[in-house]
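The structure presented is a predicted model; accordingly, all values stated were derived computationally and were not measured. Atoms considered below: every heavy atom in the structure, side chains included; atoms not considered: hydrogens, waters and symmetry mates.
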Amino acid sequence: MIKVMLVDDEPIEREGISLMLRKNRSNFEVVAEAQNGKEAMERALLYKPDLIFMDIKMPEFDGIEAIRKIVPDLPNTKFIMVSAFDTFDYAREAMKFGIKEYLLKPSKVSEVVEAFDRMVVDIESEEQRVIERKQVNRRLERVHSLIERDFIVSLIMDHVHEFDQGEWDEWLGLELEQKKGFATVFSFESDRLLPDREEKSRWYRLLKQVLHEQSLSCFIGPLTGFQVPVLVLFADHEKSEIRHEFVRAVLHQVQKKLEQCRLYAGVGMVVSNVNHFSNSYKEAIYALEFVHSHQSASYLVYNEQLKQRRKDLIPFEVEKELVEAVKKGDLQKGLQMFESYFQSIQQSTDFQVKPVQKAMEDFFIVLTRSMKELGFDEDIQVGLGKLETTMQIKEVAKSHLITISERMGKWRANGMHALLLQAKEYIDSNYQKSISLEEVAEEIGISSYYLSKLFKDRFQVTFMEYLKNTRIQKATELLLDGNKPLKEIAFDVGYKDPNYFSTAFKKEIGMSPREYRNKYHQ
């Protein structure tokens with residue numbers, strides 16, 4: 001629908017053009033009218049018409065002056081000049097603004113309609129060109145984003161790429177050799193155990209938007225798991241301490257817009273050659289790990305002290321935390337710990353492929369055994385195959401870890417819940433017997449250690465507290481029968497010692513069994 005504005009100091013002239021268009025065309029709407037140049041300018045800026053029928057001779061200031069004031073703000077608006085004077089001066093002045101249509105009063109219907117149709121063709125052609133330009137720009141942005149990601153990944157993984165330094169400079173619009181840089185790894189931590197792809201995409205878009213608003217040049221890698229690697233470049237005259245300012249600004253701006261999610265960051269040391277970016281990236285990963293183990297920190301910049309702590313890091317402790325994260329189905333923490341664990345394995349094996357592969361195979365054996373102790377009996381196929389590089393081993397192992405963590409998370413939400421309900425039902429049916437934690441664990445098929453731990457996590461009470469509460473609850477029901485002896489009630493709810501039963505009952509209810517019975521039988 002074409003938005004039309006009519007400008008003429010004579011109302012009858014405005015009505016005449018409107019009537020001619022209404023009787024012959026339906027693809028328009030008159031959005032505004034004006035009776036002088038000043039009014040025309042104000043209403044044009046307010047209603048933003050596609051096409052203006054502009055009278056030349058008007059009060060305040062004429063149509064040419066009105067156009068001169070409108071065009072800078074509405075460059076895509078088209079004009080049809082209307083005048084009772086056929087003078088070349090007006091036409092020449094109008095041509096300066098690209099105006100091609102000029103109607104003489106009184107105008108014939110055919111002249112008005114034909115001029116309108118020609119302008120509609122121009123307007124629609126311009127709109128199509130705008131759409132096409134936007135589509136091209138979107139494609140170029142997408143291509144640039146893919147090139148940027150490929151660039152980051154090639155630096156992180158030390159890939160040998162078909163592009164040389166000059167071609168990267170050309171694609172990315174930089175002279176990389178004249179830049180210093182550092183790696184920052186941002187990590188999202190959601191309150192939800194398994195956030196969906198759409199939510200993670202929203203986080204990623206938000207982070208990219210904030211990074212692009214920074215004064216430093218940022219090359220943004222892909223969101224893998226919950227982490228985004230970023231290469232930050234700056235000029236020689238800028239100080240390395242800019243790292244703190246940069247990461248604080250990004251975290252603050254992103255966090256304001258995140259809901260039920262937190263953003264953390266690890267920052268590597270500055271490198272003078274972007275080809276050494278992988279070293280800064282590894283340092284950022286280690287820094288990030290210490291951030292996650294420190295409750296009050298949101299970021300950490302790698303330094304000499306952290307370098308020493310990195311040397312003291314014990315792979316066994318990291319492995320233990322990694323296994324615990326997977327068993328909980330906590331993919332976010334699992335991926336964070338895996339990065340550190342794999343790097344510690346590489347260092348301890350001097351980056352030799354076979355020892356790294358053997359260490360990862362041993363890890364998955366330990367993980368499988370731990371999950372079976374938990375009662376997770378699903379078949380876990382883990383094969384690292386004949387891999388040629390440690391990076392290939394890492395990516396295959398990470399893929400297995402993600403699959404196992406996701407399956408574990410679903411099992412805990414469904415299968416584990418069923419097992420714990422089975423444990424509760426066993427207690428509810430056998431509370432009168434002398435049952436133990438070990439007996440119930442054996443009944444449902446998991447270790448007593450995990451039953452105790454998971455029971456508390458799920459129901460917020462320990463196994464023994466739930467057993468005691470069940471027995472006391474059943475006792476209160478039996479006490480409402482005024483004829484049954486208290487000693488017999490104690491035996492019926494699983495207490496062999498009536499005195500111990502009386503003490504436990506009073507501690508829980510606030511009165512003795514006898515006082516409770518008397519209260520409800522007065």
By side chain to side chain donor-acceptor pair (under 3.5 Å), which residues pair with [X], not counting sequence neighbours?
| X | value |
| --- | --- |
| E199 | R192 |
| S502 | none |
| Q128 | E132 |
| K474 | none |

**Report entry** Aromatic plane relationship, Y495 with Y500 - under 30° parallel, 30 to 60° tilted, over 60° perpendicular
**Finding:**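 Tilted: the ring planes of Y500 and Y495 meet at 30° to 60°.
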Query raised in the report: Hey, what's the ring geometry for F505 with Y516, parallel, tilted or perpendicular (30° and 60° as the breaks)?
Result: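 Judged by the thresholds at 30° and 60°, the geometry between F505 and Y516 is perpendicular.
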**Report entry** Ion pair E321/K333, N-O distance below 4.0 Å
**Finding:**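 Yes.
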Query raised in the report: So does E439 pair up with K433, basic N to acidic O under 4.0 Å?
Result: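 A salt bridge is absent here (no side-chain N lies under 4.0 Å from a carboxylate O).
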Is there side-chain contact between [X] and [Y], with at least one heavy-atom pair below 4.5 Å?
| X | Y | answer |
| --- | --- | --- |
| S190 | W203 | yes |
| M464 | L437 | no |
| I220 | V228 | yes |
| I242 | V232 | no |
| I402 | L331 | yes |
| F463 | K456 | no |
| V493 | Q432 | no |
| D196 | K200 | no |

Are the side chain of [X] and the backbone N or O of [Y] linked by a donor-acceptor pair below 3.5 Å?
| X | Y | answer |
| --- | --- | --- |
| Q255 | C261 | yes |
| E515 | M511 | no |
| E283 | M269 | yes |
| H212 | K208 | yes |
| T368 | F364 | yes |

Measure the [atom1]-[atom2] distance between [X] and [Y] for me, rounded to the nearest 0.5 Å.
| X | Y | atom1 | atom2 | answer |
| --- | --- | --- | --- | --- |
| F188 | L258 | CZ | CG | 6.0 Å |
| S340 | I285 | OG | CD1 | 7.0 Å |
| K394 | T389 | NZ | OG1 | 11.0 Å |
| K506 | I472 | NZ | CD1 | 13.5 Å |
| T476 | R517 | OG1 | CZ | 12.0 Å |
| F186 | T184 | CZ | OG1 | 5.0 Å |

Set of residues satisfying side-chain contact (heavy atoms from CB on, under 4.5 Å) with respect to [X], sequence neighbours excluded:
| X | result |
| --- | --- |
| V396 | L384, L387, H400 |
| K358 | E361, D362 |
| N499 | D497 |
| K257 | L206, Q209 |

Identify the heavy atoms of [X] and [Y] that sit nearest to each other, and give their distance.
| X | Y | result |
| --- | --- | --- |
| V230 | C218 | CG1-CB, 4.1 Å |
| I427 | I435 | CA-CD1, 4.2 Å |
| A183 | S280 | N-OG, 2.9 Å |
| F342 | T390 | CZ-O, 3.3 Å |
| A265 | V247 | CB-CG2, 3.5 Å |
| L223 | F226 | CD1-C, 3.7 Å |

Report task. Step by step, work out the side chain to side chain contact (heavy atoms under 4.5 Å, CB included) result for S187 and Q336. Result -> CA-CA 9 Å; S187 177; Q336 292 157 10; 3.3 Å; yes
Query raised in the report: Run the side chain to side chain contact (heavy atoms under 4.5 Å, CB included) check on Q227 and E339 step by step: do they pass?
Result: CA-CA 11 Å; Q227 295 181 355; E339 292 288 343; 4.1 Å; yes
Query raised in the report: Please, which pairs that meet salt bridge (charged side-chain N to carboxylate O under 4.0 Å, His left out) have at least one residue in residues 264-273, sequence neighbours excluded?
Result: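 Pairs touching residues 264-273 that pass the test: none.
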Taking everything shown except [X] itself, do over 12 heavy atoms lie less than 6.0 Å from its [atom1]?
| X | atom1 | answer |
| --- | --- | --- |
| E259 | CD | no |
| E488 | CD | yes |
| R514 | CZ | no |
| R129 | CZ | yes |

Query - Contacts of type salt bridge (charged side-chain N to carboxylate O under 4.0 Å, His left out), residue R262, not counting sequence neighbours - result: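 Per chain and number, R262 pairs via salt bridge (charged side-chain N to carboxylate O under 4.0 Å, His left out) with E189, D191.
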Query raised in the report: So F246 and L211, side chain to side chain contact (heavy atoms under 4.5 Å, CB included) or not? Walk me through it.
Result: CA-CA 9 Å; F246 166 79; L211 287 170; 3.6 Å; yes
Report task. Name all residues meeting the ring-ring contact (aromatic ring centres under 6.0 Å, His included) criterion together with F363; count only those two or more places apart in sequence or in a different chain, and write none if there are none. Result ->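 F363: ring-ring contact (aromatic ring centres under 6.0 Å, His included) contacts with Y341.
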Query raised in the report: Between V271 and F182, is a side chain to side chain contact (heavy atoms under 4.5 Å, CB included) present by the stated rule, with each step listed?
Result: CA-CA 6 Å; V271 293; F182 59 89; over 6 Å; no
Query raised in the report: According to the side chain to side chain donor-acceptor pair (under 3.5 Å) rule, which pairs have a member within residues 461-471, sequence neighbours left out?
Result: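 For residues 461-471, and leaving out neighbouring residues, the side chain to side chain donor-acceptor pair (under 3.5 Å) pairs sorted by first residue read D428-Y466, T462-E465, K468-E508.
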